[in-house]
Amino acid sequence: MSLICLADFEAYAKEHLPKATWEYYAAGADECCTRDDNLQAFRRIRLRPRMLRDVSVMDTKTTVLGEEISCPIGIAPTAFHCLAWPDGEMSTARAAEALKLLYVASTYATCSVEEISEAAPEGLRWFQLYVYRDRKLSEQLIRRVEALGFKALVLTVDVPYTGKRRTDIRNNFRLPPHLKVKNFEGVFEGHGGPDNYGVPLNTLDPSVSWKDICWLRSVTSLPIVIKGILTKEDAELAVVYGVQGIIVSNHGGRQLDGELATIDALAEIVEVVQGRIEVYLDGGIRTGSDVLKAIALGAKCVFLGRPIVWGLTYKGEEGVKGILQILTDEFRLSMALSGCRNVSEVNRNLIHVAKL
């Protein structure tokens, strides 16, 4: 079977994963309007390519927080990779390292941060964090990733409560007994109550607010990136509170159904930030031209969520490398066909703005 685009990997994963696992990865909140709109919004955007630009030599390299990556594509934090492939996040980390791309490891990984670091010691890694009712849980994780050489913290801010994912409720989704949220191994021993995606219910702190950014800055010197911003008002606050980056994200459409598609939210955020901090995007990236559109609208880098799991399902590390290589090659081709020789030439002039 020849897999030549991300949609091919998606079809393979749907066919080969157990139904409840596939539906866990695919799920959106409520009617999945936002999940689906993340993809459709890219298709509504039209490009204005330039010709006769000598694209014989191409360069896709860029930087994130000062670190060079081979292409403005990274791996978003998604949970439970061992559901898709036995080595799970270790395979994901190796693939990112091999292609010189950024991997954001999830708190809800089925491999520990130590295992991930050992699997890909030279890889560029950030760590995704939640704020818990017990702040010591968050702080202990921060100390571990600092010691392991993770380069930034990505604070997810759009989950004061978990969105209603109907398929997970119908399937009574639970991690199988042989898998654990490895970063919390031993922390919740003896807890007999209901769990929420592998940790006890009510572990997350719904009282989290902007003042917790101050707390986070007081306990670490790592750069802080906020994931889950969709408005210019919150983007301005992020700058005011001293973070180093924003990921424009709606959690893959898994939280508030009916909110903005991320690519539709990007422009106003880039405009208000004015280059003071870096802006990234996740949600709906499926082709190289999607990457091009996001970079043209001001994203410094895009992040892939579900497609990484499809690659794992296909062939572990090799499958993830396949996904990343296809997207990199498509991005390079889209750049060339638009008349852009390097990432700095990709700008807002590429985007067709419809007349009202």
(request) List in chain and number order the residues that pass salt bridge (charged side-chain N to carboxylate O under 4.0 Å, His left out) with Glu23, two or more places apart in sequence or in another chain; answer none if no residue qualifies. (result)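 Residues passing salt bridge (charged side-chain N to carboxylate O under 4.0 Å, His left out) with Glu23: Lys19.
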(request) Not counting sequence neighbours, which residues clear salt bridge (charged side-chain N to carboxylate O under 4.0 Å, His left out) with Lys180? List them please. (result)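 Lys180 satisfies salt bridge (charged side-chain N to carboxylate O under 4.0 Å, His left out) with no other residue.
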Between [X] and [Y], which heavy-atom pair has the shortest distance, and what is it?
| X | Y | result |
| --- | --- | --- |
| Cys301 | Ile69 | SG-CD1, 4.1 Å |
| Leu350 | Val346 | CD1-CG1, 3.9 Å |
| Tyr108 | Val181 | CA-CG1, 3.9 Å |
| Cys5 | Glu330 | CB-OE2, 4.3 Å |
| Val320 | Ala95 | CG1-CB, 3.5 Å |
| Ala29 | Gln255 | CB-O, 3.2 Å |

By side chain to side chain donor-acceptor pair (under 3.5 Å) - contacts of [X] (at least two apart):
| X | answer |
| --- | --- |
| Asp212 | Arg135 |
| Thr313 | none |
| Ser138 | none |
| Arg35 | none |

For the residue pair [X] and [Y], establish whether any side-chain heavy-atom pair is separated by less than 4.5 Å.
| X | Y | result |
| --- | --- | --- |
| Asp30 | Arg166 | yes |
| Val208 | Trp215 | no |
| Trp126 | Leu222 | no |
| Ile326 | Leu3 | no |
| Glu10 | Leu6 | no |
| Asp158 | Leu230 | no |
| Glu318 | Ser91 | no |
| Leu141 | Tyr130 | no |

Please report the interatomic distance [atom1]([X]) to [atom2]([Y]), rounded to the nearest 0.5 Å.
| X | Y | atom1 | atom2 | result |
| --- | --- | --- | --- | --- |
| Leu256 | Lys164 | CG | NZ | 14.0 Å |
| Lys151 | Leu102 | NZ | CG | 12.0 Å |
| Tyr132 | Thr203 | OH | OG1 | 7.5 Å |
| Leu216 | Ile224 | CG | CD1 | 4.0 Å |
| Arg165 | Tyr24 | CZ | OH | 7.0 Å |
| Leu204 | Thr107 | CG | OG1 | 9.5 Å |

(message) Val239 and side chain to side chain contact (heavy atoms under 4.5 Å, CB included): which single residue from Ile277, Asp234, Val272 fits?
(response)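 Exactly one pass, corresponding to Ile277.
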Are [Y] and [X] connected in a single hydrophobic cluster, I mean Ile/Leu/Val/Met/Phe/Trp/Tyr linked by side-chain heavy atoms less than 4.5 Å apart?
| X | Y | result |
| --- | --- | --- |
| Val273 | Ile351 | yes |
| Leu47 | Leu333 | no |
| Val157 | Leu260 | no |
| Leu137 | Val159 | yes |
| Val343 | Val55 | yes |

[X] [atom1]: over 12 foreign heavy atoms closer than 6.0 Å:
| X | atom1 | value |
| --- | --- | --- |
| Gln40 | CD | yes |
| Glu31 | CD | no |
| Lys211 | NZ | yes |
| Arg341 | CZ | yes |

(request) Walk me through it: do Ile142 and Leu153 pass the test side-chain contact (heavy atoms from CB on, under 4.5 Å)? (result) CA-CA 8 Å; Ile142 291 166; Leu153 296 176; 3.9 Å; yes
(request) Return each pair, listed once, that meets side chain to side chain donor-acceptor pair (under 3.5 Å) where at least one residue sits in residues 95-104; pairs must be two or more places apart or across chains. (result)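 Sorted result for residues 95-104: empty, none.
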(request) Any side chain to side chain donor-acceptor pair (under 3.5 Å) involving residues 46-57? Give me the pairs, sequence neighbours left out, ordered by first then second residue. (result)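 Only Asp54-Ser56 qualify under side chain to side chain donor-acceptor pair (under 3.5 Å).
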Using residues 261-271 as the side-chain source, report each donor-acceptor pair under 3.5 Å to any protein atom, sequence neighbours left out, with the distance given to one decimal.
| unit_1 | atom_1 | unit_2 | atom_2 | d |
| --- | --- | --- | --- | --- |
| Thr262 | OG1 | Asp282 | O | 2.8 |
| Thr262 | OG1 | Gly283 | O | 3.3 |
| Asp264 | OD2 | Arg44 | NH2 | 3.1 |
| Glu268 | OE2 | Lys232 | N | 2.7 |

(message) Angle between ring planes, His16 versus Tyr12, binned at 30° and 60°: parallel, tilted or perpendicular?
(response)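 Aromatic pair His16/Tyr12 classed parallel.
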(request) Would you please classify the geometry between the Tyr197 ring and the Phe173 ring as parallel, tilted or perpendicular, with 30° and 60° separating the classes? (result)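 Phe173 and Tyr197: tilted rings.
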What pairs of donor and acceptor atoms, side-chain ones from residues 71-89 against any protein atom, are under 3.5 angstrom apart with sequence neighbours left out?
| unit_1 | atom_1 | unit_2 | atom_2 | d |
| --- | --- | --- | --- | --- |
| Thr78 | OG1 | His81 | NE2 | 2.7 |
| His81 | ND1 | Thr92 | OG1 | 2.9 |
| His81 | NE2 | Thr78 | O | 3.2 |
| Glu89 | OE1 | Thr110 | N | 3.2 |
| Glu89 | OE1 | Thr110 | OG1 | 3.0 |
| Glu89 | OE1 | Cys111 | N | 3.1 |
| Glu89 | OE2 | His81 | N | 2.9 |
| Glu89 | OE2 | Thr110 | N | 3.0 |
| Glu89 | OE2 | Thr110 | OG1 | 3.3 |

(message) Under a 3.5 Å distance rule, please check whether Asp37 uses its side chain to pair with a backbone N or O of Cys33 as donor and acceptor.
(response)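 Between the backbone of Cys33 and the side chain of Asp37 there is no qualifying donor-acceptor contact (under 3.5 Å).
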Would you mind writing out the side-chain donor-acceptor pairs for residues 289-300 within the sub-3.5 Å range, not counting sequence neighbours?
| unit_1 | atom_1 | unit_2 | atom_2 | d |
| --- | --- | --- | --- | --- |
| Ser289 | OG | Thr287 | OG1 | 3.1 |
| Asp290 | OD1 | Thr287 | OG1 | 3.4 |
| Asp290 | OD2 | Arg286 | N | 2.9 |
| Asp290 | OD2 | Thr287 | N | 3.1 |
| Asp290 | OD2 | Thr287 | OG1 | 3.4 |
| Lys293 | NZ | Phe42 | O | 2.8 |
| Lys293 | NZ | Ile45 | O | 3.0 |

(request) Cation-pi check, Arg125 to Phe150: give yes when NZ or CZ is under 6.0 Å from the six-membered ring centre and within 45° of the ring axis, no otherwise. (result)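 Yes, Arg125 and Phe150 form such a contact.
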Return a table of donor-acceptor pairs under 3.5 angstrom between the side chains of residues 57-64 and protein atoms on other chains or two or more places apart.
| unit_1 | atom_1 | unit_2 | atom_2 | d |
| --- | --- | --- | --- | --- |
| Asp59 | OD1 | Lys61 | N | 3.0 |
| Asp59 | OD1 | Lys61 | NZ | 3.1 |
| Thr60 | OG1 | Ser70 | O | 2.6 |

(message) For Arg143, is there an ion pair with Glu139 - N to carboxylate O distance below 4.0 angstrom?
(response)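 Arg143 and Glu139: salt-bridged.
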